[in-house]
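See below for the structure under consideration.
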Amino acid sequence: MGIKARTRVREALLSKEFGTEITVKGWVRTRRGNKKIAFISLNDGSTIKNIQIVADVPQFGEEFLKKITTGACISVTGELKESMGKGQNVEILAGNLELYGPADPLKYPLQKKGHTLEFLREIAHLRPRTNTFGAVLRIRHALAYAIHKFFNDKGFLYLHTPIITGADAEGAGEMFRVTTLDISNPPRTNGNRIDYREDFFGRETNLTVSGQLEAELGALALSDVYTFGPTFRAENSNTPRHLAEFWMIEPEMAFYDIEDNMDLAEEFLKYLLVRLLDECREDLEFLTEMYDRDLIERIKHVAENDFIRITYNEAIDILSTSGKEFEFPVHWGADLQSEHERYLVENHFGKPVIITGYPRDIKAFYMKQNDDGKTVRAMDVLFPKIGEIIGGSQREEDLEKLEKRIQELNIPKEELWWYLDTRRFGTAPHSGFGLGFERLMLFVTGMGNIRDVIPFPRTPKNAEF
Ligand code: 4AD
Ligand code: MG
């Protein structure tokens with residue numbers, strides 16, 4: 001027993017120490033064979049590949065081996081052997097077999113291969129046992145790790161911004177209320193409104209839509225910080241690109257202008273893609289073969305080519321002279337929809353595009369205002385197949401301009417006193433952006449639905465497991 005004695009399947013498959021005894025543990029993918037010999041294909045999640053276990057039927061008994069069915073969990077100790085079988089180099093000749101947990105073939109839902117992704121969403125508690133979700137979740141881990149490494153190597157500090165927030169100022173999306181009040185009978189004020197002074201935090205609180213405002217506090221003290229945490233948006237948007245709970249990476253840098261911000265975003269994305277191509281090759285090859293023939297080529301193409309940088313004005317010109325009929329009309333002042341974004345990236349340029357200089361009326365209050373009085377130093381990074389993958393900006397560091405904008409937008413200024421203090425005391429030019437982790441996951445896995453790149457998706461009417 002114990003982990004010391006166990007070899008991961010990934011390691012076992014790479015081993016050349018034939019003749020030695022090893023122990024592997026995992027879940028049975030298939031068992032086949034005849035009266036003399038049984039072949040068990042075993043996976044423990046460490047790799048997309050299975051290891052073959054060869055068991056002598058008379059030695060273990062037919063009755064016992066019958067219980068080793070698809071989905072069962074076993075421990076195997078035996079001799080590592082060079083395999084004669086096609087498609088594998090090693091196998092284990094079982095000396096000892098222990099059954100940890102059977103899986104009734106009449107009930108286990110993952111009997112066969114080839115379940116639809118829709119079906120697998122209904123059994124999200126078991127889908128990590130499939131090849132597809134094994135690959136997706138290993139890639140997810142590798143990316144998360146690479147993100148931390150990228151920033152750590154650049155001297156950024158990982159800042160843990162709060163999940164529960166008292167500020168609703170960002171306006172990035174509808175929020176989820178956090179309360180311990182009795183919702184069937186909440187305390188009331190004289191005016192018969194719910195009295196949040198009685199609530200747990202003595203005020204209204206919500207789940208955060210972004211860590212940015214707090215990250216700015218960090219940047220204006222520690223220079224370069226980033227957050228990497230869950231964010232929550234209660235929009236009722238049932239699309240393949242929206243989750244109610246998603247993870248966001250938000251770097252925030254003092255002394256960066258919008259150009260520096262774009263450079264960092266591009267360098268960051270390319271770094272992650274290059275590492276992934278290197279580290280998750282087998283999983284990417286599997287996904288390419290199964291779901292998206294162009295996947296690896298597309299990742300390479302983005303990793304190796306400069307992103308296009310244009311202004312919002314230029315984007316509007318391109319779109320309105322494209323001759324293409326869009327569902328949402330294109331005109332100056334309108335926000336770009338994903339059909340517009342994808343046209344620019346996929347049809348017009350054939351490369352990722354960074355758009356800057358959006359109209360200030362469609363962007364958040366904190367973005368640095370340009371001298372034209374109409375646009376702000378926003379930047380969106382658009383990716384093939386995805387559309388917007390990053391949103392960011394240079395921030396308005398001028399207290400007066402910021403206060404004026406807050407007033408124009410009727411944002412309660414008292415709620416932001418702490419944020420405004422950074423502009424009062426030692427303000428500095430600074431910039432940052434937010435990368436939607438699952439949007440990036442969509443891009444690198446070739447999955448078409450964001451519900452399939454997070455282990456336990458939260459979407460409208462869906463939070464069971
Ligand atoms: O563009 P957004 O709303 O920007 C912000 O929240 C800023 N505070 C970021 C910053 O400057 N620090 O969101 C950033 C990114 C989007 O580009 C998108 O990739 C992703 O987050 N995103 C979502 N991903 C999944 N589901 C949703 N509902 C998402 N909403 C945004
Ligand atoms: Mg955005």
Side-chain angles (χ1 to χ4, degrees), residues 140 143 147 151 156 159 161 165 167-176 207-219 224-253 256 258 261-262 264-265 268-269 272 312 335-338 340-341 345 352-356 358-359 362-368 376-383 385-396 419 430-444 447 449-454 457-460 462:
R140 197 176 157 105
L143 268 186
I147 286 165
F151 287 119
F156 282 55
L159 186 74
T161 52
T165 170
D168 179 17
E170 170 143 11
E174 287 298 308
M175 304 185 99
F176 289 100
L207 294 178
T208 188
V209 294
S210 154
Q212 179 194 322
L213 300 190
E214 293 89 353
E216 284 189 56
L217 310 181
D224 301 301
V225 301
Y226 71 104
T227 72
F228 186 172
T231 50
F232 307 86
R233 299 191 186 178
E235 312 138 286
N236 204 353
S237 38
N238 243 318
T239 82
R241 276 188 288 280
H242 288 87
L243 290 164
E245 176 179 303
F246 64 99
W247 288 68
M248 199 170 9
I249 299 98
E250 296 183 274
E252 192 71 33
M253 299 74 64
Y256 271 51
I258 190 72
N261 206 21
M262 285 192 275
L264 183 74
F268 175 47
L269 288 167
L272 297 178
Y312 172 88
D335 205 358
L336 298 181
Q337 303 295 326
S338 90
H340 308 133
E341 296 173 340
V345 174
V353 178
I354 310 182
I355 302 184
T356 50
Y358 282 82
I362 55 171
K363 290 291 183 187
F365 76 93
Y366 50 70
M367 295 192 180
K368 186 169 174 66
V376 287
R377 270 179 221 178
M379 63 170 220
D380 278 7
V381 181
L382 316 179
F383 255 37
K385 292 251 174 182
I386 309 297
E388 181 190 337
I389 196 162
I390 280 181
S393 72
Q394 187 168 340
R395 319 305 189 190
E396 183 56 77
Y419 182 76
H430 63 291
S431 300
F433 61 81
L435 167 66
F437 190 43
E438 287 76 19
R439 298 267 174 101
L440 179 63
M441 279 294 297
L442 278 175
F443 179 72
V444 299
M447 293 282 112
N449 194 312
I450 202 161
R451 292 164 178 80
D452 298 329
V453 296
I454 186 166
R458 297 289 175 257
T459 51
N462 178 25

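Numbers for residues simply follow the sequence, beginning at 1. Counting starts at 1 for both ligands and their atoms, in listed order.
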Side-chain contact, heavy-atom cut-off 4.5 Å: [X] with [Y]?
X      : Y      : result
Thr459 : Arg451 : yes
Thr165 : Met175 : yes
Glu341 : Ile355 : no
Lys368 : Val376 : no
Val381 : Glu388 : no
Phe383 : Leu442 : no

Do [X] and [Y] pair up side chain to side chain, a donor and an acceptor below 3.5 Å, judged on atom types alone?
X      : Y      : value
Ser393 : Arg395 : yes
His430 : Glu216 : yes
Gln212 : Tyr366 : yes
Arg241 : Ser338 : yes
Glu250 : Ser210 : yes

Select one of side chain, backbone, both or neither to describe which atoms of [X] lie under 4.0 Å from any atom of ligand 1, heavy atoms only.
X      : answer
His242 : both
Met367 : neither
Arg241 : backbone
Phe433 : backbone
Ile390 : backbone
Ile389 : backbone

Tell me the nearest of [options] to [atom], using heavy-atom distances.
atom                    : options                        : value
atom 3 (O) of ligand 1  : Arg233, Glu235, Gln212         : Arg233
atom 23 (C) of ligand 1 : Phe383, Phe246, Phe437, Trp247 : Phe246
atom 20 (C) of ligand 1 : Gly211, Gly387, Ser431, Gly436 : Gly436

Open item on the list: Check the orientation of Phe156 and Tyr256. Use parallel for under 30°, tilted for 30 to 60°, and perpendicular for over 60°.
Closed with: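 Aromatic pair Phe156/Tyr256 classed perpendicular.
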- [ ] Look at the rings of Tyr419 and Phe365 and say which category their plane angle falls in: under 30° parallel, 30 to 60° tilted, over 60° perpendicular.
- [x]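 Perpendicular: the ring planes of Tyr419 and Phe365 meet at over 60°.
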Check each atom of ligand 1 against the heavy atoms of [X] and keep those under 4.0 Å away; list them by number with element.
X      : answer
Arg395 : 10 (C), 11 (O), 12 (N)
Leu243 : 25 (C), 26 (N), 27 (C), 28 (N)
Glu250 : 7 (C), 8 (N), 9 (C), 10 (C), 12 (N)
Gly392 : 11 (O)
Tyr366 : 7 (C), 8 (N)

TODO: State whether the side chain of Arg458 and the backbone N or O of Leu243 hold a donor-acceptor pair below 3.5 Å, judged by distance alone.
DONE: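 Not at all, since once roles are kept as given, no pair shorter than 3.5 Å links the two residues.
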Nearest protein heavy atom with distance in Å, relative to [atom]:
atom                    : value
atom 18 (C) of ligand 1 : Arg439 NH1, 3.5 Å
atom 14 (C) of ligand 1 : Met248 SD, 3.4 Å
atom 15 (C) of ligand 1 : Gly434 O, 3.6 Å

Open item on the list: Tell me whether ligand 1 is touched by Glu388 - counting only heavy atoms on the residue side and a distance under 4.0 Å.
Closed with: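 Distance cut 4.0 Å: Glu388 passes for ligand 1.
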Open item on the list: When you compare ligand 1 with Glu252, is there at least one nitrogen or oxygen pair between them that comes in under 3.5 angstrom?
Closed with: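 No, no N or O pair falls under 3.5 Å.
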Open item on the list: Suppose the cut-off is 2.8 Å; which protein N/O/S atoms would you list for the Mg ion (ligand 2)?
Closed with: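 Correct list: Glu388 OE2.
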Task: Ring centres under 6.0 angstrom apart (Phe228, Phe437) - done: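 Aromatic pair counts; centres sit under 6.0 Å.
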